[in-house]
Amino acid sequence: MKTVYTCFCTDVIHDGHLNIIENAHKRGKVIVGCLSDKALIRYNKFPTISQEERIKLYRSIDGVEEVVIQNDMLYDDVITLIRPDYIVHGDNWVEGPERAIRDHVEELLKVYGGELVDIPYTYNEKVRKTDMQLREKLAMPEYRRKRLRQLISMTSIVKVLETHSGLTGLIVEKTVVEHEGKLDQFDAMWISSLCDSTAKGKPDIELVDMTSRFRTIDDIVEVTTKPIIFDGDTGGLTEHFVYTVRSLERMGVSAVIIEDKKGLKKNSLFGTEVEQTQASIEEFSAKIRAGKKAQLTDDFMIIARIESLILEKGMEDAIERARAFVAAGADGVMIHSRKKEPSEILEFCDKFRTEDRVTPIVVVPSSFNTITEEELAEHGVNIVIYANQLTRSAVPAMQRTAQDILCYHRAKEVDERLMPIKNIITLIDEL
C-alpha cells in the first residue's frame, strides 16, 4: 500500500481538513503530521491547545492511521523519515509566501519519484466561521495575556514591532515573509509611549494620560491576536501604577515595561543632554513589589528598564540594579543604550547571565541597529523590540506625498508609490 502524508496545524477540524483526509485516503495509508509548536509560531499561527492535544485530535479522525510530529516547516524531516508516495495539501500554498515551501517539497519528492497533490481549498460558511472563532479565541484576554511567556519558552528570541493604532496592529499581525525558503513573522507588539504620543501630535513627556493610551490598546486588541508589551514610562506614582497593572491585565496585555527614572519624563536617547533623574534602587524596587502585589494572574509580566548606561552611571550600577529589581519581583530586565555600537549592551548581558540564566533580557536596538537577532540571542537576549520604525518610516512618506500634491496640484505623480485602494480595503477583515 502506498503512503500518503499531509500536515495539519489546526486546533479545530472542519470540512476542509476532512476533505483533505478523504482525498488522501483514496491514495493509500494516511499519515498526518502535527506541526510542532516551535514551527507553528513561525507559520503565522499560534496554538490554542497543546501539541499533545492536537496529536490526540488528529488521531481521532476516521481514515488516519498514524500521526507524527513535524518539526521542520519545510518537510525535510518527515520526507527523509517517511518517504511518502504522495503529499497532499490544500492549494492555498500555490501562491503567496507559502509557495516557497511548496516548491521545496516538490523538489524533495522529485528525488525519489514522490508526487505532490494540491486539493482545492474548501471555502464555505462553516469553515469561515470556524476560522473566525479560532481567531477570536486567540484575541481573548486570557489567551493573549499568557502568550508572551509561552513565546519566551518556545523560541530563541521574541521579535516585537511597534504599533500605535489598529492599522499598524494589523500590519504587525499580518506581515509574513518568505526568506531562504522559510516563513517568518513578528511575535508581539510594542505600544510605545513615544509613538502613541507622536500619533496624537503630543510630546513624549507622559502628557498623554493612561485613559487615552488605554484607548489605543482597545483599538489594537479589537483587530489583532498577538501579545502586547506596553511602554509604561516611569510607571508614575506607585499608588497609580498598581491600578495600571490591574487595567493592563484585564485588557489582556502581556507585559508592562517601566524605567527606573522619576520626575518629568524625557526620552532616553537624549541621555545626559537633558536633565534626567534616576530613581533609587530602593524606591524603584518598592514600585515593582507594589505592582506584583496588585497583579492577579501569573501570566502578566512587569519588566524593569534600567537606565544606568543611558545616564552614564556605569556597568556595575546597571548590574546592581538588575540584581535588585529581580529580587523585588521583576519578571525581566530591559537594558538600554544610546551608543551606535552594541558592545556595552553585550557586556551587560554576558555579566548578567553569569549569575542569572533564567530572567528574560529585553533590548531595544534603535541606535545600535547593526546587530542581528541571532547575535543578540547568543548573548542571552530573549526579547528584541523594534520600538519606533513604523512611525519613523510613515512620517517621511506622508510628508513627501503631501509636498508632491502641493507641487503638482494633482495626485497622479504620487499614485505609483501608494498602496492600491483595493489592498487597503482587503487589509481590514469584515465580519
Side-chain angles (χ1 to χ4, degrees), residues 1-37 39-138 176 183 429:
M1 181 180 291
K2 292 186 179 296
T3 302
V4 189
Y5 182 81
T6 186
C7 180
F8 281 176
C9 54
T10 183
D11 296 350
V12 178
I13 300 299
H14 56 54
D15 290 349
H17 304 110
L18 297 178
N19 184 46
I20 291 286
I21 296 299
E22 183 182 348
N23 277 275
H25 192 60
K26 293 175 182 177
R27 292 173 166 83
K29 172 186 174 182
V30 178
I31 300 175
V32 173
C34 174
L35 195 63
S36 69
D37 287 344
L40 203 59
I41 60 174
R42 298 272 69 82
Y43 198 66
N44 198 30
K45 291 181 182 291
F46 199 93
T48 61
I49 61 176
S50 70
Q51 187 171 287
E52 291 71 25
E53 288 174 305
R54 294 201 307 279
I55 292 171
K56 185 177 180 181
L57 175 66
Y58 304 161
R59 282 177 177 155
S60 69
I61 304 172
D62 287 341
V64 174
E65 297 198 32
E66 187 179 348
V67 177
V68 299
I69 293 294
Q70 179 175 324
N71 290 303
D72 188 337
M73 71 170 68
L74 291 178
Y75 287 63
D76 290 80
D77 55 343
V78 293
I79 289 179
T80 300
L81 177 67
I82 299 171
R83 291 178 65 89
D85 298 287
Y86 300 96
I87 286 184
V88 177
H89 195 286
D91 65 359
N92 55 315
W93 69 346
V94 171
E95 297 179 350
E98 291 181 61
R99 174 74 195 211
I101 298 175
R102 184 192 182 281
D103 291 345
H104 183 74
V105 170
E106 195 168 37
E107 289 302 313
L108 292 175
L109 291 173
K110 282 180 181 178
V111 172
Y112 63 88
E115 184 179 341
L116 180 60
V117 181
D118 296 316
I119 303 298
Y121 196 80
T122 303
Y123 294 100
N124 60 39
E125 187 61 28
K126 185 178 178 181
V127 170
R128 190 188 73 84
K129 185 175 181 180
T130 300
D131 288 342
M132 185 183 300
Q133 287 172 335
L134 275 175
R135 189 179 64 199
E136 290 298 317
K137 185 177 180 181
L138 284 171
V176 182
L183 301 187
D429 294 322

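Just the heavy atoms: all of them, side chains too, but no hydrogens, waters or symmetry mates, feed the values below. Values in this document were obtained by computation on a predicted structure and should not be read as measured data.
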Quiz item: What closest approach, in Å, do Ile61 and Ile13 show between heavy atoms, and which atom pair accounts for it?
Solution: CD1-CD1, 3.6 Å
Practice problem: Over all heavy atoms of both residues, which pair between Ile55 and Ile69 is shortest? Give the atoms and the distance, please. | Solution: CD1-CD1, 3.4 Å
Self-check item: Results of ring-ring contact (aromatic ring centres under 6.0 Å, His included) for Phe8 - residues two or more places apart only
Solution: His17, Tyr58
Quiz prompt | Thr48 and Asp11: side chain donor to acceptor below 3.5 Å | solution = yes
Self-check item: Any side-chain heavy-atom pair of Asp131 and His14 under 4.5 Å
Solution: yes
Quiz prompt | Value rounded to 0.5 Å, distance of CG in Leu18 from CG in Asn23 | solution = 11.5 Å
Exercise. Measure across Leu35 and Arg54 and return the closest heavy-atom pair with its distance rounded to 0.1 Å.
Key: O-NH2, 2.8 Å
Quiz item: Any side-chain donor paired with an acceptor under 3.5 Å for Glu66 and Tyr5?
Solution: no
Quiz item: Is the closest side-chain donor-acceptor distance between Asp15 and Asn19 under 3.5 Å?
Solution: no
Practice problem: State, yes or no, whether a side-chain contact exists between Thr3 and Glu65 at a heavy-atom distance under 4.5 Å. | Solution: no
Exercise. Please step through side chain to side chain contact (heavy atoms under 4.5 Å, CB included) for the pair Glu115 and Asp85, ending with a clear verdict.
Key: CA-CA 6 Å; Glu115 184 179 341; Asp85 298 287; over 6 Å; no
Quiz item: Rounded to the nearest 0.5 Å, how far apart are SG of Cys9 and CG of Asp37?
Solution: 11.5 Å
Quiz item: Would Lys29 and Val4 satisfy side chain to side chain contact (heavy atoms under 4.5 Å, CB included), going step by step from the backbone distance to the final call?
Solution: CA-CA 6 Å; Lys29 172 186 174 182; Val4 189; over 6 Å; no
Quiz item: Can you list the residues that meet the salt bridge (Lys or Arg N to Asp or Glu O under 4.0 Å) rule with Arg99, with sequence neighbours excluded?
Solution: Asp103
Quiz item: So, do Arg135 and Met132 sit near enough that their side-chain heavy atoms are less than 4.5 Å apart?
Solution: yes
Self-check item: Non-neighbouring partners of Asn92 that pass side chain to side chain contact (heavy atoms under 4.5 Å, CB included), sequence neighbours left out
Solution: His89, Glu98, Tyr121
Self-check item: Ile101 and Trp93, any side-chain heavy atoms less than 4.5 Å apart
Solution: yes
Exercise. For the residue pair Val88 and Ile119, establish whether any side-chain heavy-atom pair is separated by less than 4.5 Å.
Key: yes
Quiz item: Are Tyr123 and Arg128 close enough, and set up right, to give a side chain to side chain contact (heavy atoms under 4.5 Å, CB included), and what steps lead you there?
Solution: CA-CA 7 Å; Tyr123 294 100; Arg128 190 188 73 84; over 6 Å; no
Practice problem: State, with a plain yes or no, whether a side-chain heavy atom of Lys56 is found less than 4.5 Å away from one of Arg59. | Solution: no
Quiz item: Would you say the side-chain atoms of Asp77 pair up with the backbone N or O of Asn71, donor to acceptor, closer than 3.5 Å?
Solution: yes
Quiz prompt | For Leu40 against Pro47, the heavy-atom pair lying closest together | solution = CD2-CD, 3.7 Å
Quiz prompt | Gap separating the CG atom of Leu134 from the CD1 atom of Ile49, nearest 0.5 angstrom | solution = 9.0 Å
Self-check item: salt bridge (Lys or Arg N to Asp or Glu O under 4.0 Å) assessment of Lys110 paired with Glu106
Solution: CA-CA 6 Å; Lys110 282 180 181 178; Glu106 195 168 37; 5.1 Å; no
Quiz item: Is a side-chain donor or acceptor of Asn124 paired with a backbone partner of Val127 at a separation under 3.5 angstrom?
Solution: yes
Self-check item: Point-to-point distance, once rounded to the nearest 0.5 Å, from OG1 of Thr6 to CD of Gln70
Solution: 9.5 Å
Exercise. Flag yes if more than 12 heavy atoms outside His104 fall under 6.0 Å of its NE2 atom; otherwise flag no.
Key: yes
Quiz item: Between Thr130 and Gln133, is any side-chain donor less than 3.5 angstrom from a side-chain acceptor?
Solution: no
Exercise. Enter the distance from Thr80:OG1 to Tyr75:OH here, rounded to the nearest 0.5 Å.
Key: 14.0 Å
Quiz item: Hey, does Ile79 have a side-chain heavy atom less than 4.5 Å from the side chain of Ile87?
Solution: yes
Practice problem: Indicate yes or no: at least one non-hydrogen side-chain atom of Val32 is less than 4.5 angstrom from one of Val30. | Solution: yes
Quiz item: Does the side chain to side chain contact (heavy atoms under 4.5 Å, CB included) test come out yes or no for Ile21 and Val64, once each step is laid out?
Solution: CA-CA 7 Å; Ile21 296 299; Val64 174; 3.8 Å; yes
Self-check item: Pairwise distance SG(Cys34) to CD(Glu53) - rounded to 0.5 angstrom
Solution: 11.0 Å
Exercise. May I ask you to establish whether Arg83 and Tyr112 are in a cation-pi arrangement, using a distance under 6.0 Å from NZ or CZ to the six-membered ring centre and at most 45° from the ring axis?
Key: yes
